[in-house]
Amino acid sequence: MKKNMSYMDSVHRYGKIWGLSICAILFAFPLLVCIIFSCVPDWAALAKGLLATLPMYWAVGIVEVFTYVPMLGAGGTYLSFVTGNISNLKLPCAIDAMERANVKASSEEGEVISTISIAVSSIVTTLIILVGVILIIPLTPILESPVLEPAFSMILPALFGGLAVVFISKNLKLSILPILLMLVLFIFVPALNAGTVGIMVPVGVLFTVGVARIMYKKGML
Amino acid sequence: MDFSVNSPILYIMVGIIIAVVLAQSVFFLVRALKRAKELGIAGTTIKKTITSSAVFTIAPAIAVLVGVVALSKSLGIPLPWLRLSVIGSITYETVAAGNALEALGQSAGTTITDPKIYVTVLWVMTLGIAASLVLAPLVTKKIQGGMTKIGLKDKKWSEIFNNAMFLGMISAFLGYVFCDVTYIGKGFLQGLTPVCVMAVSAVVMAVLGLLATKLKIRWLTDYALPISLIVGMASAILFTDIFGGYEITAQMLSEVAK
């Protein structure tokens, strides 16, 4: 148990150090660009651009941290919030890995498997993009070909169809209400679409956890 | 120094940042592998986790690459390379860059030549995504601690809690797949494409699962998700042919992701 604590503690310690260092580097980058090309931003446009971007993305960002941390585990979180693409890549990858290894996200085994899976996924993503950037000229016609375009734009339905089968078959009773709620919301509320699904993830999570709690208390699960 | 969106100095700086981020992943990977050994997790389980995570990542990573290509037209290669390798999803970065360019009165398709415009876009993109980047290292330990407490108090509930979270997220994305079906009544059959793609992927997953258990083909379960993903994506080409092209592609390319 002591050993167990120390691994988790070290994950948090190094996670914090790496995370905040990378933050610093990412903020230093625009500063350096300003210095190197000796220029300042267009302040009025910057304010306007930030006003259009910040409120929505900061709100989503903050909610995402609280929603995804319990699912990703500690190591997975420290990596995912730096490398990005959580809901369309890192989280499904980690969920699938934990499922196949038959470990729970809240256990230390789950923590380790999730970290391995997300680290591998991050490394592979970075390498693929690196190769893509090097070969960007020959690859552009392929990547932008109108024939392939639908395949890339339909990645989320293709991803969550498979994932849903695994989880719904395992939790049939629990899945009925959340899916019904989300179907009704997305079909009948026009404002809910690709751009706002991020906000609905925490709604879905909270609702499902609530339903699960009630069903568990009543001995239905 | 003379400015260009593809200036070598930009490549060098972006290359260094990406190397640091890569080092972080390697650092955590090595430590987790060591810990896995100590915990007695079977070597085959670890190996499978590595290979299937790598295989699964290929298709979504190529979709991210498509975003780099799209953004590189106005922003050059280094900036989109950085933004999409490190944090950032296509939707977010496209919207952030779009907001900045609009505020500057610059059209999205033309290459930026003025460094003033470039740094303005750069700052909007950097600050816009900063919230979770700063917050995650600061609060993860607290949230994680809370989860552990639940686990210690009631093991069964902790398991259900976990499944409920995953299910909640999946249900939100399932709902999203149906978000355009209301347009079908108005003659826009495109709304059926995501639904059909999801159905194909689900059927493939179910069939693979059955085959794996009935015929005892273990490796099939390891690659079931990537296979259903690729078949689903391929079917999108077919369904788009039948129902017509999707109007809001740019938005759907990847959702809020990040």
Side-chain angles (χ1 to χ4, degrees), chain A residues 12 16 18-19 30 37 39 41-42 45 48-49 52-53 57-58 61 65 69-70 77 81 84 88-89 96-97 101 105-106 112 115-117 119-125 128 132 143 150-154 157-158 160-162 165 178-179 182 186 193-194 197-198 200-201 204-205 208-209 212, chain B residues 3 24-25 29 32 36 45 49 53-54 57 60-61 63 65-66 81 85 87-88 96 99-100 103-104 115-116 119-120 122 124 128 131-132 135-137 140-141 143 147 151 162 164 168 171-173 175-177 179 194 197-198 201-202 205 225 228 232-233 236 240 249 251-252 255-257:
Chain A
H12 287 301
K16 212 172 264 182
W18 277 100
F37 297 109
C39 63
D42 177 332
K48 233 168 118 185
T53 314
Y57 283 102
W58 279 39
V65 172
V69 168
T77 298
F81 278 93
N88 61 339
L89 176 50
D96 187 49
S106 51
V112 166
T115 305
I116 294 173
S117 153
V120 168
S121 179
S122 297
I123 293 168
V124 171
T125 308
I128 287 180
L143 293 174
F152 293 125
S153 61
M154 285 298 146
F160 280 92
V165 167
I179 289 175
M182 286 298 154
F186 273 94
N193 53 43
V197 62
M200 295 313 285
V201 171
V205 170
T208 314
V209 168
Chain B
F3 173 77
Q24 185 200 18
S25 297
L29 177 61
T45 309
T49 302
S53 298
T57 303
L65 190 56
V66 173
W81 179 29
S85 302
I87 41 173
N99 284 341
L104 289 154
K116 205 178 174 68
V119 294
T120 308
L122 181 52
V124 171
S132 51
L135 195 62
T140 299
K141 193 175 179 182
I143 301 172
M147 292 297 296
N162 256 302
S171 65
F173 281 98
Y176 145 76
V177 165
C179 73
V197 170
M198 185 207 69
S201 159
M205 188 73 176
L225 192 63
S228 69
M233 285 170 73
T240 304
T249 348
Q251 267 173 285
M252 302 192 68
E255 51 43 276
V256 12

Heavy-atom pairs under 4.5 Å with chain B - which of [options] has more of them than the others?
options                                    : result
Ile179(A), Val124(A), Val112(A)            : Val112(A)
Ile116(A), Ile128(A), Val209(A)            : Ile116(A)
Gly204(A), Ala212(A), Ala151(A), Ala119(A) : Ala151(A)
Ala101(A), Gly19(A), Ala105(A), Ala97(A)   : Ala105(A)
Pro30(A), Ser106(A), Gly132(A), Ala52(A)   : Pro30(A)

Please find the pair of heavy atoms, one from [X] and one from [Y], that lie closest to each other, and give the distance.
X         : Y         : value
Ile143(B) : Val65(A)  : CD1-O, 4.3 Å
Gly175(B) : Phe186(A) : O-CB, 3.1 Å
Ala96(B)  : Thr53(A)  : CB-CG2, 4.0 Å
Pro137(B) : Lys16(A)  : O-CE, 3.3 Å
Pro157(A) : Val197(B) : CB-CG1, 4.1 Å
Pro70(A)  : Met147(B) : CB-SD, 3.6 Å

*Tell me, do Lys116(B) and Pro41(A) make a side-chain contact under 4.5 Å, heavy atoms counted?*
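Of all side-chain heavy-atom pairs linking Pro41(A) with Lys116(B), none is under 4.5 Å.
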*Of all residues at least two apart in sequence or in a different chain, which pass the side-chain hydrogen bond (donor to acceptor under 3.5 Å, both in side chains) check with Ser53(B)?*
Ser117(A)
*Check step by step if side-chain contact (heavy atoms from CB on, under 4.5 Å) holds for Leu29(B) and Thr115(A).*
CA-CA 7 Å; Leu29(B) 177 61; Thr115(A) 305; over 6 Å; no
*Would you find a donor on one side and an acceptor on the other, under 3.5 Å apart, between the side chain of Ser201(B) and the backbone of Gly162(A)?*
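Judged by distance alone, yes, a pair lies under 3.5 Å.
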Could you tell me the separation between the [atom1] atom of [X] and the [atom2] atom of [Y], rounded to the nearest 0.5 Å?
X         : Y         : atom1 : atom2 : result
Met182(A) : Tyr176(B) : CE    : OH    : 15.0 Å
Asp42(A)  : Thr120(B) : CG    : OG1   : 5.0 Å
Ser171(B) : Phe160(A) : OG    : CZ    : 10.0 Å
Asn99(B)  : Tyr57(A)  : CG    : OH    : 7.5 Å
Gln24(B)  : Ile123(A) : CD    : CD1   : 10.5 Å

*Tell me, out of Thr140(B), Thr49(B), Leu104(B), who's got the most heavy-atom pairs with chain A below 4.5 Å.*
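Highest number of heavy-atom pairs under 4.5 Å: Thr140(B).
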*Top residue by heavy-atom pair count (under 4.5 Å) with chain A, among Gly128(B), Gly232(B), Ala100(B), Pro115(B)?*
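Top count of heavy-atom pairs under 4.5 Å with chain A: Gly128(B).
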*More than 12 heavy atoms from other groups under 6.0 Å of NZ on Lys48(A)*: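 For Lys48(A), atom NZ is not crowded (no more than 12 foreign heavy atoms under 6.0 Å).
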*For Ser85(B), is it the side chain, the backbone, both, or neither that has a heavy atom closer than 4.5 Å to a heavy atom of chain A?*
both
*asked:* Among residues at least two apart in sequence or on other chains, which ones pass ring-ring contact (aromatic ring centres under 6.0 Å, His included) with Phe37(A)?
replied: Phe3(B)
_Show, in sequence, the C-alpha distance, side-chain angles and deciding distance for Val201(A) and Phe173(B), and conclude whether the side-chain contact (heavy atoms from CB on, under 4.5 Å) test is met._
CA-CA 8 Å; Val201(A) 171; Phe173(B) 281 98; 3.6 Å; yes
_Check against side-chain contact (heavy atoms from CB on, under 4.5 Å), Thr57(B) and Leu89(A)_ = CA-CA 7 Å; Thr57(B) 303; Leu89(A) 176 50; 3.9 Å; yes
